Protein chains: 2
Amino acid sequence: MVLSHTAEDYLEQIYLLSLRLGMVKTSDIARELGVRTPSVISALKLLKNRNLVHYERYGAVTLSEKGLERARDVYERHKTIYRFLRFILGIDDEIASEDACGMEHFVSPKTLAAMKDFFAFLAWKKSQGLDIQSELRAFRKRGSHIPGGSITMTSESPEAQPLSAGKDNVLYTIVKLGGERGVKRRLLDMGVIPGETVKIQNRGPLGFPLEIVIQGYVLTLRKDEAEAVTVREA
Amino acid sequence: MVLSHTAEDYLEQIYLLSLRLGMVKTSDIARELGVRTPSVISALKLLKNRNLVHYERYGAVTLSEKGLERARDVYERHKTIYRFLRFILGIDDEIASEDACGMEHFVSPKTLAAMKDFFAFLAWKKSQGLDIQSELRAFRKRGSHIPGGSITMTSESPEAQPLSAGKDNVLYTIVKLGGERGVKRRLLDMGVIPGETVKIQNRGPLGFPLEIVIQGYVLTLRKDEAEAVTVREA
DNA sequence: GCCCCGTGTTAGGCCGCCCTAACAATATCA
DNA sequence: TGATATTGTTAGGGCGGCCTAACACGGGGC
Ligand SMILES: [Mn+2]
Ligand SMILES: [Mn+2]
Ligand SMILES: [Mn+2]
Ligand SMILES: [Mn+2]
């Protein structure tokens, strides 16, 4: 069932209110979501058409079976993200909750599962005597450092070449990206962007993959990716 | 400047296309965002009114100074989340990019900064000989386990009491949440929900905070939080 | 120069989501 | 019970975001 993220928020809030108050009124929903009651009413009509809530004029709002299922699902996402932000990244209560309520509508099942795995992983490491959470907290407290130092930007003349033909430890400026759609998108996502400066810092045993440094991050590029990147000596 | 998340996506895409192709046409944007050209045109009108793009009929689309700044900001969020999902949580390329493009509009500066700190932390640990990334990968590969084992659910009679007055290692069913708004929200976010079963597993030196187990997670409740939770022996 | 065709734009419509103002139902209390 | 205060609903409107259909422009072939 395709559902807008506002619709999901209404479901989520009805669910929470029913847990907290037992009976849910339109005004409660409005107060909680920060909208006016007429907005709630039309949202309820939409949800009712999709058989997600039961609602009659002047009556209480309740979730249908389907609605309850969906609401629980939304809230499960909310809680997982909230915990992740709060207990792993160390974000404040309020902000973690806000961010979670925004992101919950866009997180894939795989990402969600990975977050849960991460909790399990930390618990396991802790049982082995390594408390990553508190190490991270301490690390952030004493001021964090970007690894590898940042790279200076330049832009000048010599001839363009694919990064795959580049030499180690030379600064290159990225001129252009080629390759097919998927490759291009991945490169951009990783920060491999025209104008940026890049350095090959290491490489695999057969010459590839390349380990490059860009914007202070270390990335690994496969051969096809490195060929798609046109650079010029910086 | 308040901007809808679709508007941000248009800016982001114009930015990326200008990097990739040099000149941006309405049809490019439409293709890339999966919408029809008239939708692009009206989006461009909106962005132009807000002085974020330059655009004349039949002309090329370019970002204004403000628009470029915003586009870079959006894309910075995208990249950071993408990298986090991909390189820390181990999410596949495609899904990481999709999730990132959804979440980028809802992530707070603090959360973003924390993600970057996390990279730095991992790099630091790595420089100390501990490769958390690959440990996590291995951990996930061999099948992850929820820590502490899950807790059985029950629901029966005896008298209700605040969790703050509960005994250690006894299973309680949560009956009701009290306390003020903020406390309540935080409790719900953490999974402290009526109907769930909870156990006090440990406590601070002065009796508080309580370390509780709920839904297989370990949480810490301050005194005011524990007082807001009404429970009954399970 | 004219016609054709592709591409880009306008026109107009639908839906989601929000609002205020007016109105209807219900609760309160003399 | 009737007058009044509170609460909930309808009416109506605005904006964002998407669509299809119709129209306008501009370059290439003749
Ligand atoms: Mn939400
Ligand atoms: Mn939420
Ligand atoms: Mn996006
Ligand atoms: Mn994006």
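Not measured: the values here are computed from a predicted model. Below, chain A is the first sequence line, B the second, and so on; all start at residue 1.
Between A/K25 atom NZ and C/dA25 atom P the separation is 19 Å, expressed in whole Å. The CZ atom of B/R36 sits 16 Å away from the P atom of C/dT9 (whole-angstrom rounding).
In 5' to 3' order, the nucleotides of DNA chain D bounding all contacts with chain B (an atom under 4.0 Å from a heavy atom) are D/dG16 to D/dC25.
Taking 4.0 angstrom as the limit, B/T26 places a side-chain polar atom (N or O) nearer than this to OP1 or OP2 of C/dT9.
If you check every strand for non-hydrogen atoms under 4.0 Å, A/T6 touches sugar and phosphate atoms only. Nucleic acid contact for A/S4: sugar-phosphate only, since backbone atoms but no base atoms lie under 4.0 Å from a heavy atom of the residue.
Close placement of the B/F106 and B/H5 rings is indicated, their centers lying within 6.0 Å of each other.
Proximity of residues 38-64 of chain A to DNA chain C (heavy atom under 4.0 angstrom from any strand atom) is restricted to A/P38, A/S39, A/L46, A/R50, A/Y58.
Taking the charged nitrogens against the carboxylate oxygens, B/R31 and B/D28 do have a contact shorter than 4.0 Å, which makes a salt bridge. Salt-bridge check for A/R185 with B/D93: passed, with a basic side-chain N closer than 4.0 Å to an acidic carboxylate O. Using a 4.0 Å cut-off between charged nitrogen and carboxylate oxygen, B/K48 and B/E56 count as a salt-bridge pair. Between A/E180 and A/R186 no salt bridge is recorded (no basic side-chain N to carboxylate O distance below 4.0 Å). With salt bridges taken as basic N to acidic carboxylate O contacts below 4.0 Å, none links B/E69 and B/K66. Salt-bridge annotation for B/K79 and B/E76: present, with a side-chain N of the basic residue lying under 4.0 Å from a carboxylate O of the acidic one.
Judged by the 6.0 Å and 45° rule, A/R222 forms no cation-pi pair with A/F208.
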